[in-house]
Amino acid sequence: MSETRSAARRQVLRRRRQRRALLLLTLTTALIVTLVVVVTRAIAPDDAVADPASDPVPAASSPVAVSSPPAADPAEATPPICETDAVVSALAEGSDADVITAFGGGEPFRRAVADGTAPCIDLHEAGRLWVVANKRHPLSPIDHWPSPQARPQDVRIVSGGSLLAETAAALDELSADLVAAGAGKIGVSSGFRPYDFQVETYNRHVANRGKVAADLRSARPGHSEHQTGLAVDVVACDSGCGDHDGFGGTPQSEWIAANSWRYGFIVRYEEGHTDTTGYSAEPWHLRFVGQELAAAYAEGGFHTLEEFFGLEPAPDYH
C-alpha cells in the first residue's frame with residue numbers, strides 16, 4: 001500500500017516538474033521574440049519599419065517622362081506689323097491717322113519704317129501724310145492731285161491759298177493760337193502747286209538764278225512738297241505782310257519753330273541741314289504730317305524727314 005502511494009507521489013511530482021519546464025520554456029521563447037523585435041526596431045532605418053496599425057503604403061511608381069510641347073516660335077506667335085488685322089484694316093479702309101494708331105502711335109510708326117519692318121508703308125505715295133518728296137524721292141503718281149482741297153479761313157491769303165483740307169484746318173488753328181500768344185499774324189504766300197505749275201516755277205528759278213542756285217531753292221516737277229497739298233509757305237503780317245526772306249527771326253517765325261508741331265506741322269528745311277535735304281534753310285516752309293508724327297518728330301529731336309524715316313541724305317538728284 002505504501003509503495004503504491006510512493007509511486008503515485010513520484011508521478012505527481014514528475015508532472016509538476018514537466019509543467020514548470022514547459023512554462024519556463026514558453027516564457028523564455030516569448031522573451032527572446034520580444035528582444036528580437038526591439039533590437040530590430042532599434043537598428044533599422046525609421047522608414048524601414050511599418051506601423052502595423054497603419055495601412056500599407058504602396059510602392060512609388062517609376063516617374064513617367066512627359067514630353068513638353070515645343071516652344072512657340074516668336075516669329076510665328078507675333079505676326080509682322082503689316083500683317084496684323086489692325087494695320088491691314090486701317091490701310092484698306094481707315095485714315096492715315098488710323099494707320100499710325102494701328103502701329104501704336106507716331107514713334108512706333110516711325111521706328112518701324114526706319115527699321116525696314118513696315119514694307120506696307122510707301123514713302124513715295126503722294127496721298128499719304130508720311131510721304132517724303134525730295135531730290136531722291138519723286139512722288140507717286142508723278143502728277144498727283146490732292147483732294148479734297150480748301151483754303152484757310154482765318155489766315156490772310158497773299159498768294160495761292162489752296163491746301164489739302166486737313167492742312168488748311170490745322171493752319172487756321174495754328175494761326176489763331178499764334179495771335180492769342182501775342183506773336184503777331186501770318187499770311188499764306190504759297191500753297192498747293194500742281195505738276196504743270198511747278199514746271200513753270202522751277203524753270204523761272206533756273207532762268208533767274210541758274211540751275212545750281214535754282215536747285216537750292218526750288219524743287220523740280222514731281223519732287224515738290226507743294227504738289228501734295230501738305231506744304232505751305234507763310235510770311236509775317238503785321239501792318240502789312242513781308243516776304244519769305246524776311247520771315248526768319250520774326251516773332252512769328254520763332255513761335256512757329258517752337259510750337260508748330262502741336263498742330264501737326266514741322267519746319268521742313270532748317271538752318272544747317274542742306275547736306276541732308278538738298279535745300280537752303282526755309283523757315284517759312286511748313287510741312288503738315290499730322291499731330292502724332294509731328295509730336296514724335298519734335299520729341300525725338302529730329303531736324304529732317306530724311307533722318308526721321310531713316311532715309312539717305314538727298315543733297316542732289318540722281
Side-chain angles (χ1 to χ4, degrees), residues 114 122-126 130-146 158-163 167 186-236 241-250 252-254 256-257 260 265-289 297 302-318:
D122 183 1
L123 296 179
H124 294 82
E125 191 175 356
W130 50 79
V131 64
V132 176
N134 63 23
K135 294 178 178 180
R136 304 287 175 88
H137 265 238
L139 296 174
S140 178
I142 198 75
D143 60 349
H144 172 71
W145 188 286
V158 177
S159 177
S162 294
L163 297 165
T167 310
I186 56 173
V188 174
S189 65
S190 184
F192 166 62
R193 299 178 197 157
Y195 181 90
D196 291 341
F197 186 88
Q198 191 64 25
V199 171
E200 298 175 4
T201 300
Y202 177 74
N203 288 340
R204 184 170 63 253
H205 278 283
V206 171
N208 292 336
R209 303 169 180 269
K211 196 172 187 63
V212 174
D215 281 339
L216 288 173
R217 291 293 295 268
S218 180
R220 295 180 186 179
H223 294 262
S224 174
E225 288 196 327
H226 283 282
Q227 192 180 326
T228 67
L230 297 169
V232 57
D233 292 342
V234 297
V235 293
C241 294
D243 58 16
H244 291 156
D245 291 333
F247 186 71
T250 63
Q252 292 91 328
S253 175
E254 298 296 329
I256 284 175
S260 61
F265 291 96
I266 63 170
V267 177
R268 178 67 171 95
Y269 307 117
E270 295 185 31
E271 186 75 44
H273 297 278
T274 299
D275 288 345
T276 299
T277 65
Y279 296 101
S280 300
E282 295 185 2
W284 60 84
H285 182 102
L286 306 184
R287 164 62 197 277
F288 186 70
V289 294
Y297 189 95
F302 292 98
H303 299 281
T304 71
L305 276 182
E306 287 77 14
E307 294 172 306
F308 185 69
F309 284 128
L311 299 174
E312 65 177 345
D316 50 33
Y317 295 94
H318 283 302

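Nothing fancy with the numbering, it's 1 onward along the sequence.
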**OP:** Report the residues that fulfil ring pair (Phe, Tyr, Trp, His ring centres under 6.0 Å) with His144, sequence neighbours left out, ordered by chain and then residue number.
**Re:** none

Subject >> Partners meeting salt bridge (Lys or Arg N to Asp or Glu O under 4.0 Å) with Arg209 (sequence neighbours left out) >> reply: none

**OP:** Can you see which heavy atom on Ala231 is nearest to which on Leu163, and at what distance?
**Re:** O-CD2, 3.4 Å

**OP:** Examine distances only and state if a side-chain atom of Thr250 and a backbone atom of Phe247 form a donor-acceptor pair shorter than 3.5 Å.
**Re:** yes

**OP:** Kindly compute the distance separating OH (Tyr195) from NE2 (His223), expressed to the nearest 0.5 Å.
**Re:** 8.0 Å

Original post:
If you round to the nearest 0.5 Å, how far is CD of Gln198 from OG of Ser218?
Top reply: 5.0 Å

Original post:
Once the angle between the rings of Tyr297 and Phe308 is folded into 0 to 90°, is it parallel (under 30°), tilted (30 to 60°) or perpendicular (over 60°)?
Top reply: tilted

Subject >> Residue pair His318 / Arg136, side-chain heavy-atom distance below 4.5 Å >> reply: yes

**OP:** With rounding to the nearest 0.5 Å, note down the distance linking CG in Leu286 to OG in Ser260.
**Re:** 6.0 Å

**OP:** Taking the side chain as every heavy atom from C-beta outward, state whether Val132 and Leu311 have any atom pair closer than 4.5 Å.
**Re:** yes

Original post:
Can the ring centroids of His226 and His285 be said to lie less than 6.0 angstrom from one another?
Top reply: yes

Original post:
Does any pair with a residue in residues 270-282 pass side-chain hydrogen bond (donor to acceptor under 3.5 Å, both in side chains), and if so which ones, sequence neighbours excluded?
Top reply: Glu270-His303

Original post:
If you take all heavy atoms of Gly310 and Ala114, which pair is closest and at what distance?
Top reply: N-CB, 4.1 Å

Original post:
Within the side chain of Lys135, is there an N or O that forms a donor-acceptor pair under 3.5 Å with the backbone of Gly278?
Top reply: yes

**OP:** Specify the closest pair of heavy atoms between Ala214 and Tyr202, including all atoms of both residues, with the distance to one decimal.
**Re:** CB-CE1, 4.5 Å

Original post:
Do Trp145 and Phe192 have ring centroids that are under 6.0 Å from one another?
Top reply: yes

**OP:** Find out whether Gln227 and Leu139 are in side-chain contact, i.e. whether some heavy atom of one side chain is under 4.5 Å from a heavy atom of the other.
**Re:** yes

Original post:
Any side-chain heavy-atom pair from Val235 and Val158 closer than 4.5 angstrom?
Top reply: yes

**OP:** Quick one: sort the His124 and His137 rings into parallel, tilted or perpendicular, breaks at 30° and 60°.
**Re:** parallel

Original post:
Rounded to the nearest 0.5 Å, how far apart are OG of Ser140 and CD of Glu125?
Top reply: 7.5 Å

Original post:
salt bridge (Lys or Arg N to Asp or Glu O under 4.0 Å) with Glu307: which residues, sequence neighbours excluded?
Top reply: none

**OP:** Report yes if some heavy atom in the side chain of Glu306 is under 4.5 Å from a heavy atom in the side chain of Pro313; otherwise report no.
**Re:** no

Original post:
Do the non-hydrogen side-chain atoms of Glu225 and Leu305 ever get within less than 4.5 Å of each other?
Top reply: yes

**OP:** Any chance you could measure Ile186, atom CD1, to Ser253, atom OG, to the nearest 0.5 Å?
**Re:** 11.0 Å

Subject >> salt bridge (Lys or Arg N to Asp or Glu O under 4.0 Å) partners for Arg193, two or more places apart >> reply: Asp233

Subject >> Validation row: Trp284, Ile256 side chains within 4.5 angstrom (heavy atoms) >> reply: no

Subject >> Atom of Gly249, atom of Glu254 and distance for their closest heavy-atom approach >> reply: CA-OE2, 3.8 Å

**OP:** Report yes if some heavy atom in the side chain of Val289 is under 4.5 Å from a heavy atom in the side chain of Phe265; otherwise report no.
**Re:** no

**OP:** Using salt bridge (Lys or Arg N to Asp or Glu O under 4.0 Å) as the criterion, list what pairs up with Arg220, not counting sequence neighbours.
**Re:** Asp215

